[in-house]
2 protein chains.
Amino acid sequence: MPDFERNEKELSFGRRLARLGAAWRRQVDNDLRDYGLTEATWRPVLYLGLLPPPVRQTDLVRALEIEAPSVGRLLDVLERRGLVFRSPDRADKRSKLVSLTDKGEHIARQVRHAVEAVSSRLLDGISTPELQACYSVFERIEANLYDRTGASAEVAGGPS
Amino acid sequence: MPDFERNEKELSFGRRLARLGAAWRRQVDNDLRDYGLTEATWRPVLYLGLLPPPVRQTDLVRALEIEAPSVGRLLDVLERRGLVFRSPDRADKRSKLVSLTDKGEHIARQVRHAVEAVSSRLLDGISTPELQACYSVFERIEANLYDRTGASAEVAGGPS
DNA sequence: TGCAGTTATTAAGCATGCAAACCATTTGCG
DNA sequence: CGCAAATGGTTTGCATGCTTAATAACTGCA
């Protein structure tokens with residue numbers, strides 16, 4: 001391994017995190033490509049199947065941890081493809097309720113399976129204590145992030 | 001914590017990775033905003049300071065682990081800002097050599113400092129064994145990724 | 001009650017990444 | 001040698017994220 005690379009590896013735990021996270025997502029994407037779900041579009045579908053209804057767009061924004069305009073655009077796409085539909089919220093005229101269509105429900109199940117399959121494949125051979133060690137490091141990093149910025153949104157959701 | 005969230009946390013180690021990686025990068029970005037370096041532009045500058053010259057664009061592509069068109073566009077921006085310049089490669093008329101200007105060199109130092117500072121701040125309070133435990137989990141995950149796909153590019157750089 | 005501030009959604013525009021298609025050059029092999 | 005395949009760069013078009021700002025509706029307090 002060239003020097004600069006070893007150097008980088010020492011420097012950047014963060015780079016490693018991002019790279020692995022991206023690779024992970026790519027795995028799920030791969031499994032779902034057949035359903036026409038590209039990149040990020042499967043996540044709204046997944047969460048629509050997990051969140052307790054009624055689900056407003058804002059609820060999705062919080063669950064997906066992406067910004068409202070991004071969610072809106074994804075829903076436009078999913079609506080056009082007939083996986084979700086939006087209906088007015090009687091209780092609050094500003095908001096819209098989002099639901100899965102039958103087709104959407106069906107696909108949500110596929111998504112769940114794909115996510116679970118990838119997860120168990122990638123974590124194969126890693127013991128629970130090892131995983132927990134990772135989690136505790138992650139939590140420490142999140143705490144360190146939180147420390148200086150003082151912003152609860154730095155890692156969405158903030159410290160648990 | 002609501003049920004669906006606990007559920008998600010168990011499901012998606014990958015989500016966690018991506019989120020932390022993004023937060024990490026945001027920290028560096030924050031420190032470098034004053035230098036007019038946004039998001040990804042500081043990385044080419046950093047690597048131009050680390051790679052042994054001469055550096056062709058392809059070398060950057062490999063180091064940055066992003067695709068050639070993305071690198072090209074970033075270099076366009078950096079060139080316009082006077083941080084780098086491209087010169088013809090006598091040895092191979094297809095390729096271009098990329099170098100830092102004096103201004104670029106100066107900024108590269110700031111980038112290095114910022115990266116190191118963020119790294120040491122975020123890893124503060126984490127022991128070497130803990131970190132190593134993480135690394136070994138990461139390596140296992142990479143191996144698992146590599147397993148089925150068989151593609152050396154799945155996590156760029158492949159298994160070490 | 002009524003206005004000020006907050007919240008939900010959308011619109012517009014930018015930053016970054018990718019993949020596919022294309023050109024110019026270089027390399028390797030029959 | 002000479003042509004096919006590989007390699008370095010760029011162009012184009014798309015996917016996804018963000019920020020900022022507009023609009024509509026709700027909420028809370030004087």
Side-chain angles (χ1 to χ4, degrees), chain A residues 15 18-19 21-23 25-26 28-30 32-33 36-45 54-81 84-98 151 153-154 156, chain B residues 15 18-19 21-23 25-26 28-30 32-33 36-45 54-81 84-98 151 153-154 156:
Chain A
R15 178 95 196 104
R19 198 160 48 113
R25 167 178 265 191
R26 247 190 326 272
V28 181
D29 285 354
N30 234 317
L32 292 171
R33 200 178 310 285
L37 292 172
T38 72
E39 272 294 322
T41 45
W42 58 263
R43 292 193 62 237
V45 174
V55 179
R56 297 166 305 158
Q57 290 194 196
T58 300
D59 299 325
L60 274 179
V61 165
R62 283 194 259 278
L64 295 172
E65 291 164 15
I66 60 181
E67 298 302 313
S70 308
V71 170
R73 191 172 32 186
L74 288 175
L75 291 179
D76 289 344
V77 171
L78 293 172
E79 204 168 27
R80 233 177 295 125
R81 292 199 203 161
V84 311
F85 64 95
R86 289 186 254 209
S87 48
D89 179 355
R90 277 169 225 285
D92 184 339
K93 284 181 198 153
R94 289 169 307 175
S95 74
K96 296 179 181 173
L97 303 182
V98 188
E154 205 48 53
Chain B
R15 179 95 196 105
R19 198 159 49 111
R25 166 177 263 190
R26 248 191 324 273
V28 180
D29 286 353
N30 234 319
L32 292 172
R33 199 178 310 286
L37 292 172
T38 72
E39 273 295 321
T41 45
W42 57 263
R43 293 194 62 237
V45 174
V55 179
R56 296 166 306 157
Q57 288 194 196
T58 300
D59 300 326
L60 274 180
V61 165
R62 283 194 259 278
L64 295 172
E65 292 164 14
I66 60 181
E67 298 304 312
S70 309
V71 169
R73 192 173 31 190
L74 288 175
L75 290 179
D76 289 344
V77 171
L78 293 172
E79 204 168 28
R80 233 178 294 124
R81 292 198 203 161
V84 311
F85 64 96
R86 288 186 256 209
S87 47
D89 179 354
R90 278 169 224 281
D92 184 338
K93 285 180 197 154
R94 290 169 305 176
S95 74
K96 296 177 181 175
L97 303 182
V98 188
E154 205 47 55

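Chain A is the first sequence line, chain B the second, and so forth, proteins listed ahead of strands; every chain is numbered from 1. Because the structure is predicted, anything quoted here is derived from the model rather than measured.
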Q. Can you check the Arg62(B) CZ to dT7(D) P distance for me, whole Å?
A. 9 Å
Q | Whole-Å gap separating P (dT9(C)) and CG (Leu74(A)) | A | 14 Å
(Q) Nearest to the Asp92(A) side chain among dA25(D), dG17(D), dG8(D), which nucleotide is it? (A) dA25(D)
Q: Would you confirm whether Glu67(B), through its side chain, and Val61(B), through its main-chain N or O, come within 3.5 Å as a donor-acceptor pair?
A: no
Q. In terms of side-chain heavy atoms of Pro69(B), which of dT12(D), dA11(C), dG17(D) is nearest?
A. dT12(D)
Q: Give the nucleotide from the list dA8(C), dT11(D), dG17(C) with an atom nearest to the side chain of Thr58(A).
A: dA8(C)
Q: Starting from P on dG17(C), measure out to CG on Leu64(B) and report it in whole angstrom.
A: 9 Å
Q) Given dT25(C), is OP1 or OP2 found less than 4.0 Å from the side-chain N or O atoms of Ser95(B)? A) no
Q. Mapping Arg94(A) and Thr41(A) to their closest nucleotides on DNA chain D, which lands nearer the 5' end?
A. Thr41(A)
Q) Taking the side chain of Ala40(B) as its heavy atoms from C-beta onward, which of dT10(D), dG17(C), dT9(C) lies nearest to it? A) dG17(C)
Q | Phosphate OP1/OP2 of dT10(C): any Lys96(A) side-chain N/O under 4.0 Å | A | yes
Q: Rounded off to whole Å, could you give me the CZ-to-C1' distance for the Arg43(B) and dA15(C) pair?
A: 15 Å
Q: Could you state the atom-to-atom distance from CD1 of Ile66(B) to P of dG8(D) in whole Å?
A: 16 Å
Q: For Leu78(B) and dA15(C), give me the distance from atom CG to atom P, rounded to whole Å.
A: 13 Å
Q) Does Ser70(A) make a side-chain N or O approach to OP1 or OP2 of dC18(D) shorter than 4.0 Å? A) yes
Q: Write down the distance between CG (Asp29(B)) and P (dT19(D)), rounded to a whole number of angstrom.
A: 12 Å
Q: Remember a base hit wins even if backbone is also touched, and classify Arg56(B) as base, sugar-phosphate or nothing at under 4.0 Å, heavy atoms.
A: sugar-phosphate
Q | Phosphate OP1/OP2 of dT7(D) contacted by Gln57(B) side-chain N/O (<4.0 Å) | A | no
Q: Rounded to the nearest angstrom, tell me the gap between atom CG in Leu75(B) and atom C1' in dT16(C).
A: 14 Å
Q. With no hydrogens and no angle check, is any side-chain donor or acceptor of Arg43(A) less than 3.5 Å from a backbone partner on Leu64(A)?
A. yes
(Q) Closest approach to the side chain of Glu67(A), judged atom by atom: which nucleotide of dC26(D), dT19(D), dT16(C) is it? (A) dT19(D)
